[in-house]
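Everything below concerns the one structure shown next.
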Amino acid sequence: MSCTVDDRKQVRRAARAIRDSVPTFAVDVVAPNASRHDAWTLDAVLRDRESVPPEVLRELALAGLTLQPVPSQAGYQHIVATV
């Protein structure tokens, strides 16, 4: 298996775990050619959050993802993480 396949699996696994652990508006996996980060990217919007909850940070860490800076918005938390 190539690095790209492993990276994609890591991001998908984290996306599923986040979708299952906290209320979300959306959780997407973005391919490197469509991501402005040029890497497999997890893009999520969490409901009723002002910050990133510990369970999400844990899933990102377990998957080896790096949290990217995103401006916060009132009432929800936007998360972008790359592998």
Side-chain angles (χ1 to χ4, degrees):
M1 243 187 292
S2 72
C3 250
T4 298
V5 172
D6 291 339
D7 291 349
R8 181 182 65 214
K9 284 183 178 182
Q10 284 176 260
V11 174
R12 285 182 176 169
R13 191 174 314 125
R16 277 192 305 274
I18 290 169
R19 195 177 295 120
D20 292 343
S21 67
V22 296
T24 61
F25 283 116
V27 180
D28 294 318
V29 174
V30 182
N33 63 341
S35 171
R36 69 183 193 134
H37 299 284
D38 198 31
W40 282 99
T41 303
L42 182 146
D43 191 345
V45 179
L46 308 181
R47 281 183 227 223
D48 304 322
R49 298 289 178 160
E50 294 296 327
S51 64
V52 181
E55 56 268 71
V56 171
L57 293 174
R58 179 181 181 276
E59 293 303 334
L60 296 176
L62 288 173
L65 301 180
T66 302
L67 192 60
Q68 301 296 326
V70 177
S72 62
Q73 301 289 324
Y76 67 91
Q77 179 64 47
H78 186 187
I79 297 170
V80 175
T82 57
V83 67

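The first residue of the sequence shown is numbered 1, and numbering continues consecutively from there. Computed over heavy atoms, backbone and side chain alike; hydrogens, waters and symmetry mates excluded.
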Self-check item: Which atom of Ala39 lies closest to which atom of Val83, heavy atoms considered
Solution: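 That closest heavy-atom pairing would be CB-O, 3.7 Å.
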Quiz prompt | Nearest heavy-atom neighbours spanning Trp40 and Ala31 | solution = CZ3-CA, 3.5 Å
Quiz item: For Gln68, what residues pass the side-chain hydrogen bond (donor to acceptor under 3.5 Å, both in side chains) criterion, not counting sequence neighbours?
Solution: Thr82
Practice problem: For His37, enumerate each residue passing the side-chain hydrogen bond (donor to acceptor under 3.5 Å, both in side chains) test, keeping only those at least two apart in sequence or located in another chain. | Solution: none
Quiz item: Which is it for Ile79 and Ile18 under the side chain to side chain contact (heavy atoms under 4.5 Å, CB included) test, yes or no, and what are the steps along the way?
Solution: CA-CA 11 Å; Ile79 297 170; Ile18 290 169; 5.6 Å; no
Which atom pairs, one a donor and one an acceptor, fall under 3.5 Å between side chains of residues 44-67 and the rest of the protein, sequence neighbours left out?
{"residue": "Arg47", "atom": "NE", "partner": "Thr24", "partner atom": "O", "Å": "2.9"}
{"residue": "Arg47", "atom": "NH2", "partner": "Thr24", "partner atom": "O", "Å": "2.9"}
{"residue": "Glu50", "atom": "OE2", "partner": "Gly75", "partner atom": "N", "Å": "2.8"}

